[in-house]
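As structure tokens, the structure follows; a few thoughts come after it.
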Amino acid sequence: MKSRRKFIKLSAMGSAALLAKSVIASEKSDKTEILVSPKKITKPIVVSTWKHGMAANEAAWKILSQRGSALDAVEAGVRVTESDPDNMSVGLGGLPDREGFVTLDACIMDENNKCGSVAFLQDIENPISVARKVMEKTQHVMLAGEGAKQFAVEQGFKTTNLLTPKAKKAWEEWKKESKYQPVINIENHDTIGMLAIDERGNLSGACTTSGMAYKLHGRVGDSPIIGAGLFVDNEVGAACATGMGEAVIRIAGTAVIVELMRNGRSPEEACKEAVYRIIAKHKDLTNLQVGFLALNKNGEYGGFSVYKGFNYAVHTNAENKLIDAKYDRDRK
Ligand code: SD4
């Protein structure tokens, strides 16, 4: 019997405006398969935060260009940044907390809303791959601390000292003054968030960081929190965040952005609205940098930040390029 086809029912008119042109759903048993017209969508595509996203995108592109999955692509992409000892806020070489411990947060999410996450993980170079194992091998979404490390070791991950001599030196310098207030600016918060659409039109995302430099021991930011540092909805789009995680968590940043896109906002408009929500909810915006990056189901992308300085890398069939995000002009 032929499967019954119908236009997907969207919760709001705006969503219909965004998607009706290109998205048709076919009901097969209880599953909804999204079919996207190849003419209307830019794919494959991968976008990621900051300049280090350029190299990460290249690794992701190797997979996407060979018809690999968005999930494999985002994992492989951000692993490049995690393993780069010169990057001082993701994985190996990340700046430690104020006690000198490098503690990592990461999460990953696929086109079926499956997700996995690790928080406050130590001594493991590629937390994103541990997050993927949490997603695939457990009933859970998030593992933290010692338990996350124990799970990683059980899964065959090697332990390694992530505090490089360069990061240790920077921490020792910082200790001389030990300013309790962590300074948030583009030098010390370079989380990588990555979003991709593969050849089949499926979306996935990944986010990984060593978090705010010199944070309190035990602090966990937005990056491993689904709906804060990362959110993916294969019917609509995906978003990731960088910057002061506390502010992102307070507004459920990426979940909000995906809902705004569902209601018809472009990726840039959705990121902008989330940034203005952060601005409205925080009296003191000193050093409060947040950057959002979003990608919709059609392969359109956009970013926005509180202050000038946030940029993101975009790899399409045409090129891999770095784009300066728009920002709140009142704050430059
Ligand atoms: C955090 N959002 O731990 C992360 C830090 C970050 O770019 O994004 N740095 O709050």
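These numbers come from the heavy atoms of this one structure, side chains and all, not from hydrogens, waters or symmetry mates. All ligand and atom numbering here is 1-based and tracks the order in the structure.
Formation of a donor-acceptor pair under 3.5 Å by the Ser117 side chain with backbone atoms of Met142 is not found in this model. A donor-acceptor pair under 3.5 Å links the side-chain atoms of Asn296 to the main chain of Gly299, judged by distance alone. Checked by atom type and distance alone, the side chain of Thr254 pairs as donor or acceptor with a backbone atom of Gly227 at under 3.5 Å. For the pair Glu82 (side chain) and Ile128 (backbone), a donor-acceptor distance under 3.5 Å is present.
The closest approach between a heavy atom of Lys215 and any atom of ligand 1 is not below 4.0 Å.
Against a heavy-atom cut-off of under 4.0 Å, Asp222 is close to the following atoms of ligand 1: 1 (C), 2 (N), 4 (C), 10 (O). Atoms of ligand 1 found under 4.0 Å from any heavy atom of Ser223 (numbered from 1 in listed order, with element): 2 (N), 4 (C). When each atom of ligand 1 is checked for a heavy atom of Thr242 under 4.0 Å away, the hits are 6 (C), 7 (O), 8 (O), 9 (N). Close contacts of ligand 1 with Gly211, meaning ligand atoms under 4.0 Å from a residue heavy atom, involve 3 (O). Every atom of ligand 1 with a heavy atom of Met212 under 4.0 Å away is listed here by number and element: 3 (O).
By the 3.5 Å distance cut-off applied to N or O atoms, Asp105 is not counted among the residues near ligand 1. Ligand 1 has an N or O atom lying under 3.5 Å from an N or O atom of Thr191, backbone or side chain. Remark: ligand 1 and Gly245 share an N or O pair separated by less than 3.5 Å (distance only, no angle test). Ligand 1 has no N or O atom lying under 3.5 Å from any N or O atom of Ala241, backbone or side chain.
More than 12 heavy atoms of other shown residues, nucleotides or ligands fall within 6.0 angstrom of atom CD in Glu136.
Taking the ring axis of Trp171 as reference, the NZ or CZ atom of Lys169 does not stay both within 45° of it and closer than 6.0 Å to the ring centre.
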query = Does the ring pair (Phe, Tyr, Trp, His ring centres under 6.0 Å) test come out yes or no for His217 and Phe120, once each step is laid out?
reply = CA-CA 9 Å; His217 187 60; Phe120 194 60; 5.2 Å; yes

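Of the charged side-chain nitrogens involved, at least one lies within less than 4.0 Å of a carboxylate oxygen, so that Arg265 and Glu273 count as a salt-bridged pair.
Residue Arg219 touches ligand 1 through its side chain alone, judged by heavy-atom distances below 4.0 Å.
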